[in-house]
Visitor: 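Dumping the structure here so I can ask a few things about it.
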Amino acid sequence: MKPLRLAVLALTGLVFAACGGSSDSGGSDRLRVAVIPKGTTHEFWKAIHAGALRAAEELDVEVIWKGPLKENDRAEQIKVVEQFAAQGVDGIALAPLDFKALVRPVQTAIQRKTPVVIFDSALEGEPGKDFSAFVATDNLEGGRMAARALLAELGGQGKVVMLRYQVGSASTNDRENGFLEVMQDAGKIEILSSDQFGGASVESAKTKALNMLDVLREADGVFCPNESVTVGMLRALEQENLTEGKAFVGFDATPVLVDALRKRSIRALVVQDPVDMGYRAVKTLVAAIRGEAVEAQIDTRVAVATPANLDEPDIAQLLK
């Protein structure tokens, strides 16, 4: 992340609860809002956290940051939502691990008069009706952008592998669908594999990729739809000396992935603006709590970073 983002995180961490349960408001009228990510270890969520704290500082509200450690722990995320609703926080911003499994706890929170803003990944329901708003990247278009970038690298023809993320994740499912939509319309593309899941961690994704070595060796191009699967695939390809000559397109940016982009081990990264997403999720939630009109759906930025454009100011900002 940028030094500015890290400074925001460090300074506001002295004021706001960074993780774990709630704190006593001491009878203050200051709003207390819970921000619940899918997980807490990936760089993407750390950037979301920095953006949420920036909004909290501007608005003089307290952010309580808490989520499951791993991005496959649906039961823990449900428990966290239920706990915050029972504690009576003023509002909840949630990135649902599962677009169906989190519906009931969100409904319970809303029945308790706790406004909920969904961010990053969709929840079953209608934004503005079933919950206050949805703040996210256009993930379907992000998947299409990844496919176009890969097609450009392949010259419009070749054999392709897509390693999915995990069942129930609406954001990555949209990316995968957008990717397949474009690839299936490309006349000279053969999709060798598109039904395997890397799972919630870098380690599980690397293991899955290593189990697919035969098909990966045959492939001309590879796509992965999120940070953990992209890093896991990269490590597997590097271990097996398969990066050279493979057109690899991933999603999200970390220092490891940006370095691989510079080296052309990765040919393109579809990148989001997680700091802005966290910022806008909290600002939208606070507006909803205060009874202000909010947009039902807020689309945050997505772009394609390549070795050719990664130092351009607009792209460089998204890679840091």
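One-based numbering along the sequence shown.
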Visitor: When you look at L318 and Q272, which way does the side chain to side chain contact (heavy atoms under 4.5 Å, CB included) test go after all the steps?
Guide: CA-CA 7 Å; L318 297 176; Q272 308 176 79; over 6 Å; no
Visitor: If the condition is ring-ring contact (aromatic ring centres under 6.0 Å, His included), which residues does F223 pass it with, not counting sequence neighbours?
Guide: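 With neighbours one apart ignored, the set is F179.
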Visitor: Mark yes or no for whether N309, through its side chain, and E312, through its backbone, hold a donor-acceptor pair below 3.5 Å.
Guide: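 Pair absent, no side-chain N/O of N309 close to backbone of E312.
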Visitor: Between S121 (side chain) and S171 (backbone), is there a donor-acceptor pair under 3.5 Å?
Guide: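 Pair found, side chain donor or acceptor close to backbone of S171.
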Visitor: Quick test of your reading: applying side-chain hydrogen bond (donor to acceptor under 3.5 Å, both in side chains), list the pairs with at least one residue in residues 144-166, sequence neighbours left out, ordered by first then second residue.
Guide: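 Those involving residues 144-166 are E71-Y165, E141-R144, E141-R148, R144-E181, E153-R267, K159-E218, R164-E176.
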Visitor: Can you list the residues that meet the side chain to side chain donor-acceptor pair (under 3.5 Å) rule with N211, with sequence neighbours excluded?
Guide: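 By the side chain to side chain donor-acceptor pair (under 3.5 Å) rule, N211 matches no residue at all.
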Visitor: Between S265 and E244, is there a side-chain heavy-atom distance shorter than 4.5 Å?
Guide: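 A side-chain contact is absent here, since even the closest heavy-atom pair is not under 4.5 Å.
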Visitor: Show me the pairs that pass ring-ring contact (aromatic ring centres under 6.0 Å, His included) and involve residues 95-150, at least two apart or across chains.
Guide: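 For residues 95-150: none.
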Visitor: Going by atom types only, do S201 and S204 share a side-chain donor-acceptor pair under 3.5 Å?
Guide: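 On atom types as modelled, these side chains qualify, holding a pair under 3.5 Å.
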Visitor: If we only count heavy atoms from C-beta on, is the D259 to L261 side-chain gap below 4.5 Å?
Guide: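 When only atoms from C-beta onward are counted, L261 and D259 do not touch, as no gap falls below 4.5 Å.
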Visitor: Please report the interatomic distance CG(D120) to CG(L94), rounded to the nearest 0.5 Å.
Guide: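 Rounded to the nearest 0.5 Å, the CG-CG separation comes to 10.0 Å.
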Visitor: Mind checking salt bridge (Lys or Arg N to Asp or Glu O under 4.0 Å) for E76 and listing every partner two or more places apart, or none if nothing turns up?
Guide: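 In terms of salt bridge (Lys or Arg N to Asp or Glu O under 4.0 Å), with neighbours along the sequence ignored, E76 is linked to no residue.
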Visitor: Does T243 form a side-chain hydrogen bond (donor to acceptor under 3.5 Å, both in side chains) with E238? I'd like the steps, not just the answer.
Guide: CA-CA 6 Å; T243 55; E238 288 177 335; over 6 Å; no
Visitor: Can any side-chain N or O of R54 pair as donor or acceptor with the backbone N or O of Y279 at less than 3.5 Å?
Guide: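 No.
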Visitor: A side-chain contact here means heavy atoms from C-beta on lying under 4.5 Å apart; do I289 and L31 qualify?
Guide: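 Yes; the side chains approach each other to less than 4.5 Å.
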Visitor: State plainly whether one hydrophobic cluster holds both L234 and V161, where clusters connect Ile, Leu, Val, Met, Phe, Trp and Tyr through side-chain heavy atoms under 4.5 angstrom apart.
Guide: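 The answer is yes; both residues are in one hydrophobic cluster.
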Visitor: Are the charged groups of R262 and D311 less than 4.0 angstrom apart, N to O?
Guide: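 Salt bridge present between R262 and D311.
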Visitor: Do D252 side-chain atoms and E227 backbone N/O form a donor-acceptor pair below 3.5 Å?
Guide: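 Yes, the answer is positive, given that a donor and an acceptor are paired below the 3.5 Å cut-off.
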Visitor: Could I get the full list of salt bridge (Lys or Arg N to Asp or Glu O under 4.0 Å) partners for K206, not counting sequence neighbours?
Guide: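 If we apply the salt bridge (Lys or Arg N to Asp or Glu O under 4.0 Å) test to K206, skipping adjacent residues, there are no hits.
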Visitor: Under 4.5 Å between any side-chain heavy atoms of R30 and D60, yes or no?
Guide: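 Yes, close enough: below the 4.5 Å cut-off.
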Visitor: Has T230 got a side-chain atom pairing as donor or acceptor with F251's backbone, closer than 3.5 angstrom?
Guide: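 Judged by distance alone, yes, a pair lies under 3.5 Å.
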Visitor: Group every Ile, Leu, Val, Met, Phe, Trp and Tyr by side-chain heavy-atom contacts under 4.5 Å, then state whether V271 and M145 land in the same group.
Guide: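 Different clusters.
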Visitor: How far does CG of L163 sit from OG of S193, to the nearest 0.5 angstrom?
Guide: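 Here the interatomic distance stands at 7.5 Å.
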Visitor: Evaluate the side-chain proximity of T300 to D273: yes if any heavy-atom separation is below 4.5 Å, no if none is.
Guide: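 Side-chain contact under 4.5 Å: no.
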Visitor: Taking only residues two or more places apart in sequence or in another chain, which ones pass salt bridge (Lys or Arg N to Asp or Glu O under 4.0 Å) with E126?
Guide: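 Listed in chain order: nothing, the list is empty.
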Visitor: When rounded to the nearest 0.5 angstrom, what is the spacing between NZ in K38 and CZ in F44?
Guide: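 With rounding to 0.5 Å, NZ (K38) is 8.0 Å from CZ (F44).
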Visitor: Check whether M233 and V258 end up in the same hydrophobic cluster, where Ile, Leu, Val, Met, Phe, Trp and Tyr are linked by side-chain heavy atoms less than 4.5 Å apart.
Guide: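 Yes, it is one cluster - the side chains of M233 and V258 are joined through contacts under 4.5 Å.
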Visitor: Between the side chain of K246 and the main-chain N/O of A219, is any donor-acceptor distance below 3.5 Å?
Guide: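 Present.
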Visitor: Begin with the C-alpha distance, continue with both residues' side-chain angles, and end with the deciding distance and a verdict on side chain to side chain contact (heavy atoms under 4.5 Å, CB included) for R301 and T137.
Guide: CA-CA 6 Å; R301 190 159 50 137; T137 299; over 6 Å; no
Visitor: Do NZ/NE/NH1/NH2 and the carboxylate oxygens of R217 and E240 come within less than 4.0 Å?
Guide: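 Yes, charged N to carboxylate O under 4.0 Å.
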Visitor: Kindly determine whether L151 and I189 satisfy side chain to side chain contact (heavy atoms under 4.5 Å, CB included), including the steps that lead there.
Guide: CA-CA 9 Å; L151 283 173; I189 291 292; 3.5 Å; yes
Visitor: Can any side-chain N or O of Q77 pair as donor or acceptor with the backbone N or O of L102 at less than 3.5 Å?
Guide: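 Absent.
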Visitor: Side chains of K70 and T41: does their closest heavy-atom pair fall under 4.5 Å?
Guide: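 They are not in side-chain contact.
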Visitor: Under 3.5 Å, which donor-acceptor pairs link side chains of residues 291-299 to any protein atom two or more places apart or in another chain?
Guide:
{"from": "D299", "atom 1": "OD1", "to": "D138", "atom 2": "N", "distance (Å)": "3.2"}

Visitor: Which pairs count as ring-ring contact (aromatic ring centres under 6.0 Å, His included) when at least one residue sits in residues 298-320, sequence neighbours excluded?
Guide: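 Passing the test, one end in residues 298-320: no pairs.
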Visitor: Once salt bridge (Lys or Arg N to Asp or Glu O under 4.0 Å) is applied, do any residues pair with R235, and if so which ones, sequence neighbours excluded?
Guide: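 Residues passing salt bridge (Lys or Arg N to Asp or Glu O under 4.0 Å) with R235: none at all.
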Visitor: Name all residues meeting the side chain to side chain donor-acceptor pair (under 3.5 Å) criterion together with K208; count only those two or more places apart in sequence or in a different chain, and write none if there are none.
Guide: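 Q196.
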Visitor: With the 4.5 Å side-chain cut-off for hydrophobic clustering, are V182 and M162 part of the same group?
Guide: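 In one cluster with V182: M162, yes.
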Visitor: Are side-chain N/O atoms of K46 and T40 paired as donor and acceptor at under 3.5 Å?
Guide: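 On atom types as modelled, these side chains do not qualify, holding no pair under 3.5 Å.
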Visitor: Just wondering, do I48 and P37 contact through their side chains at under 4.5 Å, heavy atoms?
Guide: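 No - every pair of side-chain heavy atoms lies 4.5 Å or more apart.
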Visitor: Give me each pair satisfying side-chain hydrogen bond (donor to acceptor under 3.5 Å, both in side chains) with a member in residues 101-118, each pair once, sequence neighbours excluded.
Guide: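 Of all non-adjacent pairs touching residues 101-118, those that pass side-chain hydrogen bond (donor to acceptor under 3.5 Å, both in side chains) are E82-R104.
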Visitor: Going through the distances and angles, do R74 and D98 end up as a salt bridge (Lys or Arg N to Asp or Glu O under 4.0 Å)?
Guide: CA-CA 7 Å; R74 293 170 179 79; D98 189 300; 2.8 Å; yes
Visitor: Taking atom types as modelled, is there a side-chain donor on N226 or S228 under 3.5 Å from an acceptor on the other?
Guide: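 Yes.
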Visitor: According to a hydrophobic-cluster definition based on side-chain heavy atoms being under 4.5 Å apart (Ile, Leu, Val, Met, Phe, Trp, Tyr only), do L319 and V256 belong together?
Guide: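 Yes, L319 and V256 fall within the same hydrophobic cluster.
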Visitor: Under 3.5 Å, side chain of N139 to main-chain N/O of D174, donor-acceptor pair present?
Guide: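 No, N139 side chain to D174 backbone: no donor-acceptor pair under 3.5 Å.
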